[in-house]
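Labels below follow one simple rule: chain letters A, B, ... track the order of the sequence lines, proteins then strands, and each chain is numbered from 1.
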4 protein chains.
Amino acid sequence: MARTKSAPENREAKRVLIVETAIGIFASKGYHAAKMQDIADALSIAKGTLYEYYTDKEDLFLGVYDYWMDLYEASMMRAMEDHFDPVSKADALIDTTVEFYEKHAKYAPLLLEFWAHALRSTSDSFLIRIRDMKKRLSQLGSEVATQMQALKLFRNVDSESFAVLELGISDGIFLQWVIDGQSYSLREAYKFRQSVIGSGLMTDTLRKLVAAKVEKKLRLGFLHTSFVRKEDT
Amino acid sequence: MARTKSAPENREAKRVLIVETAIGIFASKGYHAAKMQDIADALSIAKGTLYEYYTDKEDLFLGVYDYWMDLYEASMMRAMEDHFDPVSKADALIDTTVEFYEKHAKYAPLLLEFWAHALRSTSDSFLIRIRDMKKRLSQLGSEVATQMQALKLFRNVDSESFAVLELGISDGIFLQWVIDGQSYSLREAYKFRQSVIGSGLMTDTLRKLVAAKVEKKLRLGFLHTSFVRKEDT
Amino acid sequence: MARTKSAPENREAKRVLIVETAIGIFASKGYHAAKMQDIADALSIAKGTLYEYYTDKEDLFLGVYDYWMDLYEASMMRAMEDHFDPVSKADALIDTTVEFYEKHAKYAPLLLEFWAHALRSTSDSFLIRIRDMKKRLSQLGSEVATQMQALKLFRNVDSESFAVLELGISDGIFLQWVIDGQSYSLREAYKFRQSVIGSGLMTDTLRKLVAAKVEKKLRLGFLHTSFVRKEDT
Amino acid sequence: MARTKSAPENREAKRVLIVETAIGIFASKGYHAAKMQDIADALSIAKGTLYEYYTDKEDLFLGVYDYWMDLYEASMMRAMEDHFDPVSKADALIDTTVEFYEKHAKYAPLLLEFWAHALRSTSDSFLIRIRDMKKRLSQLGSEVATQMQALKLFRNVDSESFAVLELGISDGIFLQWVIDGQSYSLREAYKFRQSVIGSGLMTDTLRKLVAAKVEKKLRLGFLHTSFVRKEDT
DNA sequence: AATGAATGAGCTTTCATTCAT
DNA sequence: TATGAATGAAAGCTCATTCAT
């Protein structure tokens with residue numbers, strides 16, 4: 001039984017330690033205002049040492065994103081595994097998201113920067129990573145939606161479109177909440193959304209009138225609609 | 001009949017010209033990567049001239065935000081004024097938003113940076129401006145929702161909460177769309193959302209079962225729920 | 001009889017107006033911190049107009065120096081003319097100096113800058129102007145000292161050396177007073193100096209002992225002593 | 001026996017090296033004309049390195065002042081310690097000053113800039129430092145004067161006032177000498193001054209007449225006279 | 001003569017990165 | 001592996017000066 005961790009294990013442990021410290025600095029100051037020196041100081045190590053573990057600042061930033069998203073994804077996966085019926089699963093996914101977001105509300109600006117970074121970076125690696133993660137998450141959502149339909153709890157809806165929509169909505173509410181100064185309960189906002197989405201806003205009278213049209217829309221979704229990009233003039 | 005524009009008019013025209021150029025540079029490179037020199041070059045003026053019209057880079061960035069948001073808000077207001085019944089109004093708001101977002105999709109990263117900037121800036125001016133704008137927009141949405149209810153088209157719903165939710169959803173879908181590489185029609189995504197929100201996803205069977213509970217939730221909204229912020233540990 | 005001043009007179013009047021304004025700005029902010037814009041603002045004229053009257057900033061600074069020194073010199077000359085016996089003249093010179101310095105204490109840093117400027121300027125014009133002024137002043141002092149000696153009020157002293165010494169002492173006391181935060185009466189400091197210089201500090205006993213040696217020193221002065229400059233090593 | 005200098009020692013050595021180089025640049029070009037690049041070039045180091053040792057240009061300038069004044073003060077203190085009777089001490093102080101000033105004549109403009117800087121700087125740190133130094137120096141002079149009086153070599157004179165006067169005179173003569181292009185011997189000027197101050201200029205006849213009045217003035221000094229500052233009108 | 005918009009060289013300062021130890 | 005002194009490119013901002021009106 002080894003008394004000390006082997007070298008590679010130590011290395012990985014230190015990488016994690018660095019990322020866990022860096023996330024706080026990046027989140028509170030932003031990518032540009034966060035200095036490598038700040039991070040080194042927070043770790044009580046020398047600036048040069050950071051470069052032994054990450055090739056450069058961007059690499060470290062990417063590491064932070066990965067670390068954070070892995071955490072989120074893992075907790076989402078766990079939520080799925082811990083429940084069996086789709087209703088519980090749906091609830092668990094929302095709970096997990098709310099908990100994660102509430103816990104990491106202070107990292108919210110980071111999320112924005114990740115996205116901005118990804119949309120602008122010359123290399124696609126950042127963007128690809130975000131999309132992959134989103135794909136996995138939307139598969140989760142899609143799965144649950146499909147099960148709901150199978151149980152006749154959900155109407156006939158393109159579950160893929162729905163899952164993508166849900167992801168957007170989720171991020172949008174979170175953003176809104178952060179910009180609003182976290183002045184209300186994120187959980188309640190999510191629940192309110194759930195009610196709206198689940199039950200709809202139309203009165204029964206109206207609902208019946210538009211039933212056929214809505215039915216079709218929901219069934220087809222929006223992901224496979226043709227789209228012509230319009231250029232700015 | 002004035003022969004030449006008066007000085008102040010010229011000044012304002014030049015401010016607008018600068019902002020219109022700056023927006024493109026900021027959007028494509030990002031706040032930090034965009035250099036004042038780049039902007040000056042794009043305008044074929046000297047760097048120093050920029051400082052005759054904006055006190056510093058941040059001021060110019062704020063100018064860009066204002067310019068852009070004023071455009072959006074104005075078109076939303078116009079959409080409201082051009083229609084009289086709430087259903088048309090709701091459609092018009094969505095149309096306007098979709099058009100605006102589609103037209104300015106390339107400026108999307110800017111939106112993220114505005115938000116990140118606002119959340120981190122020492123001065124509140126940025127955040128306040130965003131909130132004010134959101135408030136005005138949500139009032140528009142709230143108004144429409146109230147009219148819908150008055151006409152018995154909408155169920156009893158806290159229209160304020162609903163309007164806030166809508167804003168978040170709207171931004172969220174846009175973001176999602178941008179990150180997804182604009183691979184589907186934003187308009188269709190918005191319509192899909194409209195169907196989901198209007199009609200709900202539940203089957204009639206389930207719907208009836210949870211009717212009372214949902215009713216209450218929608219009526220109360222989420223804005224005035226008590227909220228205890230949880231600290232990260 | 002002309003109703004308006006002729007053009008050249010107007011021009012001169014404006015030059016004076018500019019200088020009188022500039023002196024306050026230069027004095028309070030220093031040469032470098034004082035901006036041409038500040039001066040233009042204080043005059044409520046356009047920046048460009050300054051350049052119609054002075055070729056550049058340095059020229060204006062020189063103008064300020066000239067204006068100020070002319071004022072001082074003129075009042076010294078007047079003091080001399082208003083009195084006839086050397087004792088009154090000596091008193092008047094001191095009075096005038098004290099009054100001038102007290103009145104313009106806030107311009108003291110300017111004096112330092114003039115000197116520093118002169119010692120460093122590539123062109124000698126500044127230094128020459130200062131030396132000329134000092135020469136005229138020391139002639140005044142020298143004259144008075146000579147008259148004192150003629151009246152047997154002063155011992156045999158090289159009046160030229162004495163006048164140069166006096167100038168240095170005068171500036172030195174003023175500087176000291178300014179740096180000391182003007183915490184005592186400049187006039188009293190000058191009077192104290194006068195007593196020291198007039199009557200000496202030695203007791204009669206010691207005085208007699210060194211009489212011959214001192215006598216010689218005073219008679220010869222220091223201006224024509226040989227001097228080998230030592231270079232910094 | 002240490003083989004290598006410890007880090008802090010090296011650091012201090014480098015700070016001194018920088019200051020010793022900076023002093024020459026500042027002196028010859030002036031604070032504003034002296035560029036950080038010039039100083040770095042003179043040291044054959046990178047500009048950035050300067051900022052590892054001094055927070056900014058002003059800090060470096062302050063360092064130069066401190067370095068220089070410490071040198072002067074230390075040599076004055078040494079002069080005091082090396083002699084025992086007040087007459088020798090007085091001579092030694094003058095000798096030291098003359099030597100110091102002659103050796104550093106080329107730094108004279110710096111002294112003016114230090115003073116100008118101090119009188120205008122928003123922070124008092126510069127001014128306080130100058131005053132403290134002057135206070136220590138005037139204590140030296142005051143001490144000597146008191147001893148002279150105890151030995152009945154000096155008349156009854158307020159030694160504090162006298163010491164302050166002496167400092168002013170000393171600086172004034174130096175300034176005068178520099179502005180006069182160092183065209184005479186500074187040492188002789190100081191000696192001449194010593195004769196004047198020691199023995200006075202009045203003839204015995206006049207001296208006796210004003211004896212009582214002068215006596216009083218010298219005894220009282222000028223430091224504690226009431227003073228009403230006159231404002232410029 | 002007066003203006004003030006435009007200029008652009010030139011400054012201080014920062015900080016990611018390197019590399020000899 | 002860890003260090004941290006040294007680097008130097010790069011950027012925002014200033015402001016004396018110009019010149020078309």
Could you tell me how far apart N10(B) (CG) and dT3(E) (C1') are, to the nearest whole angstrom?
15 Å
Whether K14(B) contacts dA5(E) is assessed here as follows: a side-chain N or O lying under 4.0 Å from the phosphate OP1 or OP2. Is that the case?
no
Just how far, in rounded Å, is P of dC15(E) from CG of D38(A)?
8 Å
Just to confirm, is there a sub-4.0 Å distance from OP1 or OP2 of dG4(F) to any side-chain nitrogen or oxygen of R11(D)?
no
Could you tell me the separation between the CG atom of L50(A) and the P atom of dT3(F), rounded to a whole number of Å?
10 Å
Using a 4.0 Å cut-off on protein heavy atoms (strictly under), produce a 5'-to-3' string for nucleotides 16-21 of chain E with B for base contact, S for backbone-only sugar-phosphate contact, and - for none.
SBB---
Is the side chain of K35(A) donor-acceptor paired with the backbone N or O of H32(A) at a distance under 3.5 Å, no angle test?
yes
Interatomic distance where CG belongs to D41(C) and P belongs to dG4(E) [whole Å]:
11 Å
Side chain of A46(C) - closest among dG4(E), dG8(E), dT3(F):
dG4(E)
Verify the contact: side-chain N or O of Y53(D) to OP1 or OP2 of dA5(F), cut-off strictly under 4.0 Å; return yes or no.
no
In whole angstroms, the gap separating P of dT12(E) from OH of Y54(D) amounts to 17 Å
Would you please confirm or rule out a distance under 4.0 Å between OP1 or OP2 of dA5(E) and any side-chain N or O of T49(B)?
no
